[in-house]
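In what follows, a single structure is set out as C-alpha cells and then discussed.
Order of the sequence lines sets the chain letters (A, B, ...), proteins ahead of strands, with each chain counted from 1.
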Amino acid sequence: MGEQGRDEDKLYAMRHSLAHIMAGAIQKLWPDVKLGVGPVVENGFYYDVDLGPDRKISEEDFAKIEAEMRKIIEADVPFERFEKPIDEAIQWARDAEQPYKEELLNDLKRAGTTVAKDLSADEMGTIAEGGGSAVENVSFYKDGDFTDLCRGPHAESTGKVGAFKLMRVAGAYWRGNEKNPQMQRMYGVAFASQKELDNYLKMLEEAKLRNHRRLGQELDLFLFSDLVGSGLPLFTPRGTVLRDELAKFAESLRHASGFQRVSIPHITKTELYKVSGHWDKFGDELFLVKSQETSDEFALKPMNCPHHNQIYASRPRSYRELPIKYFETTTVYRDEKTGELGGLSRVRSITQDDSHAYARPDQVEGVVAGLIGDIQTLYTTLGLTGMRARLSFRDDSDRYLGEPKLWDEAQASIRRLAEANELQYFEAAGEAAFYGPKIDFMVTDAIGREHQVATVQLDFVQPERFGLEYTAEDGSAQRPVMVHCAILGSIERFLSVYIEHTAGKFPVWLAPEQVRLITVNQESDTVEFAQKVQNQGVELGLRVTIDNSNESVGKKIRDAEVWKVPYTVVIGEKEMSSDRVVPRIRKDMDVLAAHPELNFDEFLKTVANEAKARVSQSSM
RNA sequence: GCCACCUUAGCUCAGUUGGCUAGAGCAUCGGUUUUGUAAACCGAGGGUCGUCGGUUCGAAUCCGACAGGUGGCUCCA
C-alpha cells in the first residue's frame with residue numbers, strides 16, 4: 001500500500017472522527033439523545049440518532065449543530081482509546097441510557113465477532129475488534145466529554161478532521177429492519193481540505209444540471225400527470241423517439257442472435273402467478289383488475305415469463321428445435337410503494353426488452369454467451385464503459401425455490417461463463433432471483449456513477465412449475481432450462497441513466513431532432529427550399545425540422561442550441577445559390593467536422609449514414 | 001409504507017412581522033420588423049397561491065388532513 005492508501009486511511013479516520021464529533025455535538029444540544037451507529041460512507045459519514053418520538057432534527061438545526069461541532073474542532077482535544085471488559089461496557093451503556101449501544105454490546109457478547117444477523121459487516125466492523133474468538137474487551141474512544149464505543153481508527157485530535165458539511169437528515173430504521181424503530185440518519189460529507197470539499201459540492205451542482213427529470217422537462221421528453229398517477233410516465237414525441245430507437249437497436253441485436261418476436265396481452269388471470277410462484281412471493285406488488293363479466297380475478301402482468309411459457313407449452317417441443325428464443329419489448333406493471341418511486345429510475349409501468357430462451361442443459365452456456373456479447377455490443381455503442389458483472393447468487397435463507405443441487409450447478413456454470421467471457425466480475429450472495437442465480441451488469445456514466453443495467457438469469461423453477469418439456473433424442477421427456485434476459489433492462493430506468501450520462505446531448509441516431517433548418521427570412525423561395533431539403537432528409541429516414549418563425553437568426557440559432565440539436569443549417573440567399581452547407585455542429589460532436597464542404601445532398605447522406613451506423617460521440 | 005423537507009402562471013422564481021387589485025423573466029398569442037450563426041421591438045392573455053378543512057376582522061403567509069414531488073430508510077421478479 002503506497003502513499004495513496006495512507007491518504008485514504010487518513011481520510012477514513014477523519015470522516016469517522018467527524019461522525020463522533022457530530023454525535024457529541026448533538027448530545028450537547030439534546031442531552032438525552034439515543035445513539036445508534038455512525039460509520040464512514042462514500043464521501044463522508046453519518047450517525048443514526050434518536051431524540052424520542054416527539055422531537056426531530058430538521059435541516060434548520062444544521063447551523064446549530066455545525067456551530068457546536070466547530071467548537072469541538074477548535075478545542076482540538078485528543079481522541080483517546082481505552083478498553084473495557086464486555087460486561088462493564090454493557091453496564092456503561094445502561095448507565096448512559098443508550099439502549100441501542102446496549103443492544104449492540106449484548107449481541108457482541110452473545111455472538112462474538114461473528115456478525116449479528118441484523119447488522120451488516122461494515123456496521124459491526126466499526127465496533128468490534130477483529131479475531132475469531134468471543135469478545136472479551138471492547139474498545140472506546142473519548143474526545144472531550146464524548147465517549148463512544150468504537151473500533152477506530154480516529155484522527156489524533158478533534159482539530160485534525162479536514163473540511164465537512166452536514167448535508168441532509170433522513171429516516172433510517174434501526175439496523176435496517178423496517179420492523180425496528182426509525183431513527184434519524186444525519187449525513188455529512190467530508191474531505192481532507194476545503195478545496196476538495198468545494199470540488200465535491202461543485203460536482204453535485206453539475207449532477208443537478210444533468211438530472212434526467214430536469215432534462216426531461218427542458219427537452220420535452222416525458223412528464224407525469226397527477227390525473228394519471230405517480231410512477232406512470234408519459235412520453236412525448238421526442239421522448240418516444242429515444243424509446244423507439246433504443247428498443248429498435250436492442251431488437252436488432254436479438255434478431256441477429258436468433259430470437260423471435262412474440263406478443264402477449266398485458267393482463268392475465270391471477271391463476272398464472274399462482275402456478276409460477278410469483279403470487280406467493282410478490283402478490284402485494286400486483287395491480288389487480290376486475291372483470292364485470294366473469295368471476296375470474298385478473299392482474300396486470302408484473303413480468304412476462306409466465307406468459308411466454310404458455311407459448312412454449314402450447315405444443316410438443318423436440319430437442320432439435322431447442323433453443324427456442326422469444327423476445328418482446330413490452331410493459332409490465334408493479335404496484336411499487338409510493339415512497340420508492342422517483343423520476344424514471346423507479347416507475348410503476350416498466351418497459352422491458354425482455355427475452356426468454358428455452359434451452360437444453362448443454363446449450364445454456366452458449367445461449368448466455370450470446371447474450372453477454374449482445375450486452376457488450378449495446379453498451380459499447382452507447383458509450384457506457386467500465387462494465388462490471390455481479391454474479392448474483394443465493395444465500396442460505398429460505399426464500400429461494402428449487403433444488404440446492406441445481407443451484408450449485410447453475411452458480412458454477414455462471415462462474416465459468418464469467419471467466420470464459422473475460423468479464424470483470426464479483427460475486428454477491430443473497431442477490432439472486434428467487435428462481436435462480438443471475439448475472440447483473442453495471443456500467444459507469446460520464447460523471448463516474450455506477451448503475452445496474454442489463455441482467456441475465458437462469459431459471460429451473462419455472463420450467464418445473466409449468467411442466468415445460470421437450471422430447472429428447474431417446475424419446476424421453478426432459479426439462480428445458482430458462483434463460484431470462486433484458487439488455488436495456490427497463491427502458492425507463494435506462495433512460496434515466498442515459499439522459500444523465502449524455503446530459504441530453506444525444507448522438508445523431510438517437511436525437512429526437514437530427515437536423516434543424518433555420519430560414520433567414522419568410523420569403524416563399526426560402527421556405528420552399530427548406531421544405532425541399534427537409535423532404536430529402538425525411539426520405540433518407542432523418543428527423544429534420546424547419547424553424548421559419550419570425551425571429552432573428554441569432555434567436556433561432558440559440559433555440560437550436562438550447563434544444564441540443566446535433567446539426568443546424570441556416571438557409572438563406574448564400575445556400576440557395578451555391579448549394580453549399582456550412583452546418584453548425586453541436587460542440588461535443590466530431591464526425592462531420594472532417595467534411596466542411598458539402599452540398600445539401602452530400603450533407604444529408606452523411607448524416608443519414610452516421611445515424612445508420614449508430615455513431616456515438618467521443619466526448620460527452 | 002416510514003422519516004425530513006418542498007408545492008405561487010406552461011417553466012424558473014419574487015412576494016417583508018398575516019393587511020390594498022399576487023409580481024418578474026422566459027414561454028404562448030397579436031402587431032411591427034424580414035432578419036446571417038447563442039436572445040429585435042411594442043402589446044395582450046394567463047394564477048381558487050397543490051386540494052380540503054380550521055384559526056383570524058382579514059390567510060399565499062399560521063394550524064391540521066390529504067395529494068403530488070425531492071432526499072433517505074425498507075423493497076426492487
task: Could I get the full list of salt bridge (charged side-chain N to carboxylate O under 4.0 Å, His left out) partners for Asp226(A), not counting sequence neighbours?
output: none
- request: Only counting residues at least two apart or in another chain, list the ones meeting side-chain hydrogen bond (donor to acceptor under 3.5 Å, both in side chains) with Arg346(A).
  value: Glu336(A)
query: Does Lys202(A) have any salt bridge (charged side-chain N to carboxylate O under 4.0 Å, His left out) partners at least two apart in sequence or in another chain, and if so, which?
result: none
- prompt: Should the pair His308(A) and His356(A) be assigned to parallel (<30°), tilted (30 to 60°) or perpendicular (>60°) ring geometry?
  reply: perpendicular
- prompt: What's the CG-C1' distance between Leu209(A) and rU12(B), to the nearest Å?
  reply: 13 Å
- request: Could you tell me the separation between the CD atom of Glu218(A) and the P atom of rC26(B), rounded to a whole number of Å?
  value: 17 Å
query: Can you list the stems that RNA chain B is part of, where a stem is at least 3 pairs in a row, each Watson-Crick or G-U, with both distances below 3.5 Å?
result: B:1-7 with B:67-73, B:10-13 with B:23-26, B:28-32 with B:40-44, B:50-54 with B:62-66
Residue list, salt bridge (charged side-chain N to carboxylate O under 4.0 Å, His left out) with Glu218(A), at least two apart or on another chain: Arg214(A)
Distance between C1' atoms of rA9(B) and rA60(B) (Å, rounded): 14 Å
- request: For Arg558(A), check side-chain hydrogen bond (donor to acceptor under 3.5 Å, both in side chains) against everything at least two apart and list the hits.
  value: none
task: Determine, for nucleotides 35-41 of chain B in 5'-to-3' order, which nucleotides have protein heavy atoms under 4.0 Å from the base (write B), from only the sugar-phosphate (write S), or from neither (write -).
output: BBBBBB-
query: For Glu285(A), what residues pass the side-chain hydrogen bond (donor to acceptor under 3.5 Å, both in side chains) criterion, not counting sequence neighbours?
result: none
statement: Glu492(A) CD to rC76(B) C1', in whole Å, measures 14 Å
- prompt: What string of B, S and - do you get for nucleotides 64-71 of chain B 5' to 3' if you count protein non-hydrogen atoms under 4.0 Å?
  reply: ----SSSB
task: Please state how far atom CG in Leu166(A) lies from atom C1' in rC5(B), giving the value in whole angstrom units.
output: 16 Å
- line: Rounded to whole Å, CZ of Phe434(A) lies from P of rC76(B) at a distance of 12 Å
field: Pairs satisfying salt bridge (Lys or Arg N to Asp or Glu O under 4.0 Å), at least one member in residues 458-467 of chain A, at least two apart
entry: Glu464(A)-Arg479(A)
query: side-chain hydrogen bond (donor to acceptor under 3.5 Å, both in side chains) with Thr351(A): which residues, sequence neighbours excluded?
result: Arg243(A), Thr331(A), Glu492(A)
message: Test of understanding: with salt bridge (charged side-chain N to carboxylate O under 4.0 Å, His left out), list the residues that count as partners of Arg15(A), not counting sequence neighbours.
response: none
